[in-house]
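These notes are about the structure you will find just below.
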Amino acid sequence: MNADSTSTKDRKVRVRIAPSPTGNCHVGTARTALYNMLFARKYGGTFVLRIDNTDLERSTKESEEGVLEGLRWLGLQWDEGPDIGGPYGPYRQLERMDTYKETVEKLLSEGKAYYCYCSPSELEEERKAALAAGKPPRYSGKCRELSPADRARLEAEGRKPVVRLRVPDTTMSFVDLIRGHQQKDMAERGDFIIFKSDGTPVYNFATVVDEHYMEMTHVFRAVEHLTNTFDQVCVYESMGWEPPRFGHLTLMLNPDRTKISKRAGAIYIGEFREMGYLPEAVNNFLALLGWNPGTEQEIFSMDELVEAFSVDTLSKSDAVFDIKKLDWFNGVYIRSLTVPDLASRVRPFMEAAGYSADDASYLERAVALITDRIGKLTEAPDLLGFLFVDDVELDPAALKTKAKFSYADIARGLKASADALEKVSAWEHEPIEKALRSTAAELGWKAGELLMPVRIAVTGSRVTPPLFESLVVLGRDRSLARIRKAIALLEE
RNA sequence: GCUCCCAUGGUCUAGUGGCCUAGGACAUCGCCCUUUCAAGGCGGUAACACGGGUUCGAAUCCCGUUGGGAGCGCCA
């Protein structure tokens with residue numbers, strides 16, 4: 001009986017994400033989680049979060065929390081997990097040791113697994129020899145038929161055994177939901193370890209036991225597990241268990257097409273948050289990296305993703321992570337936000353930059369100036385900072401915007417502007433624009449020739465939100481004070 | 001070394017034998033709009049890895065080559 005049974009389709013869908021607690025939520029984990037969740041939602045199933053770590057040393061409360069936090073920030077919600085419990089717990093492998101032990105005992109008693117006393121150094125030698133001979137490294141099977149007396153002698157030497165699975169010399173197969181029928185001749189494989197000498201299970205074993213007892217119907221995971229799946233199928237068969245259906249997802253790559261790493265810029269979800277990306281943009285981007293809706297739609301809400309998601313259109317080839325496209329998505333989402341919403345998201349970045357953004361309505365008026373001007377939240381402080389300080393720093397040379405103008409010319413232009421602004425009846429966009437434009441006309445200057453020095457005097461920068469609206473938000477007093485100060489500077 | 005997976009523009013991808021002089025999006029270039037920067041509008045450049053088959057006809061099917069990736073752990 002091989003793993004290409006389709007009978008799981010009768011059962012209610014149960015899928016899972018099983019990260020190891022590394023302290024950070026890797027972008028690959030996030031995407032796998034997203035696909036699993038979409039699949040569960042699409043078919044009215046259950047999405048489970050399980051912490052996969054049989055390694056006691058690396059598993060801490062903090063390292064687990066980092067992963068959950070990343071997933072939560074993205075808006076991914078699991079129905080069962082270590083933090084919220086559920087009927088199939090516990091949801092941490094460390095707490096499931098009894099199940100693994102029970103399973104390995106059964107295998108041992110049925111002769112489907114056996115104790116092996118070979119030391120790591122002996123195995124290493126065998127492996128090297130095999131590789132040198134151009135053969136796949138394969139366990140020799142030396143301890144396969146140990147008698148109780150042999151075992152007693154080896155134990156007396158102080159050797160601690162591992163447990164190996166008796167792997168049959170047959171072909172294992174399963175149907176991959178993304179890649180189709182897969183098969184592999186196990187004759188070259190050799191008996192692999194399922195329990196370490198310290199009494200803990202190896203991943204490929206623990207995961208099988210977990211999938212079985214947690215009643216997973218589908219396992220979507222990265223393609224790096226594709227070859228491991230044959231080993232896992234062996235375990236299922238040895239136990240007489242029906243395997244879930246597998247789907248192996250593509251990898252994310254650096255621009256040089258190597259497996260994604262720090263070189264790509266950011267790889268942890270927390271980093272994207274710090275860089276000013278919106279979770280909905282990251283989700284949308286990730287969803288389309290390795291899956292396509294079959295239509296030309298690019299922008300998807302979570303609900304739309306659930307609606308459109310299909311295993312059939314998951315791609316088979318690895319995808320380069322192109323941050324430029326994420327930037328575009330982020331801009332699209334930023335522009336789609338309401339001003340109050342954007343303001344609340346911008347606020348922490350303003351505060352981190354040292355600006356006091358307590359006045360919500362003032363912040364909103366400021367943020368309204370930049371909604372279609374920022375691609376990332378981190379750009380807001382640079383653009384809006386001048387609205388949150390008493391004074392801007394000015395350099396007379398920066399005010400001299402054109403070679404044909406002297407310092408005196410600029411001073412004259414600013415003076416005329418200040419005078420005109422002083423007389424503006426209502427401090428609003430229209431009257432301000434009118435005043436400045438007619439000042440330019442009276443001077444015989446192009447509008448831009450006057451507006452740029454005013455812009456710099458008021459904001460301290462050449463790149464700013466639109467000038468008239470900025471003046472409105474800044475207020476008459478502060479605006480005029482800044483222009484007057486610039487004039488004084490030029491006259492020195 | 002062996003086994004497995006993958007292969008359309010710089011990038012994500014559509015395409016499942018004729019609808020393909022290969023479509024969309026990002027990026028890029030140009031123009032328009034414009035008070036800077038954006039945003040927006042319009043337009044352009046740019047791809048079926050290579051070689052053999054099969055077929056009246058192939059980006060699509062088969063084989064090989066090349067390239068990339070993964071696995072072969074008392075890591076997960």
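In what follows, every chain begins at residue 1, and chains take the letters A, B, ... in the order their sequences are listed. Since the structure is predicted, the reported quantities are computational estimates derived from the model, not experimental observations.
Nearest to the side-chain atoms of A:Glu224 among the listed nucleotides B:C74, B:U36, B:G71 stands B:G71. The side chain of A:Lys196 lies closest to B:C74, out of B:U35, B:U13, B:C74. Comparing B:G40, B:U3, B:C5 by their closest approach to the side chain of A:Leu226 singles out B:C5. Of the candidate nucleotides B:U35, B:U13, B:C74, B:C74 has the atom lying nearest to any side-chain atom of A:Arg127. Checking B:C12, B:U35, B:A7 against the side-chain heavy atoms of A:Ser317 singles out B:A7 as nearest. Nearest to the side chain of A:Thr258, among B:U35, B:G69, B:G73, sits B:G69. Closest to the side chain of A:Arg373, from the set B:A76, B:C2, B:C37, is B:C37. For A:Lys324, whose side chain is taken as the heavy atoms from C-beta onward, the closest listed nucleotide among B:C12, B:A27, B:C74 is B:A27. Closest to the A:Asn228 side chain, of the nucleotides B:C5, B:U36, B:C72, is B:C72. With distances taken from any side-chain atom of A:Lys316 to the nucleotides B:U35, B:C6, B:U11, the minimum falls on B:C6.
Here B:G1 sits opposite B:C72 as a Watson-Crick or G-U wobble pair (both hydrogen-bonding atom distances under 3.5 Å). Pair check for B:A25 finds B:U11; Watson-Crick or G-U wobble, both atom distances under 3.5 Å. In this entry B:A59 has no Watson-Crick or G-U wobble partner, no candidate having both defining distances under 3.5 Å. B:C31 is paired with B:G41 under the Watson-Crick or G-U wobble criterion, all donor-acceptor distances under 3.5 Å. Across all strands shown, B:A46 has no partner, as no Watson-Crick or G-U wobble contact with both distances under 3.5 Å is found.
Among the atoms of the strands shown, base atoms are found under 4.0 Å from some heavy atom of A:Arg437. As judged by a 4.0 angstrom heavy-atom cut-off over every strand, A:Glu433 is placed among residues making no nucleic acid contact. If you check every strand for non-hydrogen atoms under 4.0 Å, A:Cys116 touches nothing. Nucleic acid contact for A:Gly290: sugar-phosphate only, since backbone atoms but no base atoms lie under 4.0 Å from a heavy atom of the residue. Residue A:Arg462 is in base contact, counting any heavy-atom pair closer than 4.0 Å across all strands shown. Among the heavy atoms of the strands lying under 4.0 Å from A:Ser20 are primed sugar atoms or P, OP1, OP2 only; no base atom is included.
The pair A:Glu124-A:Arg127 counts as a salt bridge, with a side-chain nitrogen and a carboxylate oxygen less than 4.0 angstrom apart. The residues A:Glu379 and A:Arg373 are annotated as not salt-bridged, no charged nitrogen and carboxylate oxygen being separated by less than 4.0 angstrom. A salt bridge links A:Glu298 with A:Lys325: the distance from a Lys NZ or Arg NE/NH1/NH2 to an Asp or Glu carboxylate oxygen falls below 4.0 Å. The existence of a salt bridge linking A:Arg365 and A:Glu469 is excluded, since no basic side-chain nitrogen approaches an acidic carboxylate oxygen closer than 4.0 Å.
Atom C1' of B:G30 sits at a distance of 24 Å from the matching atom of B:A22, rounded to the whole Å. Rounded to the nearest Å, the gap between the C1' atom of B:A14 and that of B:C4 is 28 Å. Across the P atoms, B:C33 and B:A58 are found 48 Å apart, a figure rounded to whole Å. B:C50 and B:G67 have their P atoms separated by 15 Å, given to the nearest Å.
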Original post:
When you look at A:Lys259 and A:Asn254, which way does the side-chain contact (heavy atoms from CB on, under 4.5 Å) test go after all the steps?
Top reply: CA-CA 6 Å; A:Lys259 191 170 167 180; A:Asn254 290 314; 5.8 Å; no
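In the interface, the side chain of A:Arg179 is not paired with the base of B:C5 through any donor and acceptor atom under 3.5 Å apart.
For A:Asp372 and A:Trp328, each mapped to the nucleotide of RNA chain B holding its nearest heavy atom, the one lying further toward the 5' end belongs to A:Trp328. Position along RNA chain B of the nearest nucleotide to A:Tyr117 versus A:Val320 favours A:Val320 as the more 5'-ward residue.
For the residue pair A:Gln182/A:Asp176, the side-chain donor-acceptor check at 3.5 Å is not satisfied.
The aromatic rings of A:Phe388 and A:Tyr355 sit tilted, their planes meeting at an angle between 30° and 60°.
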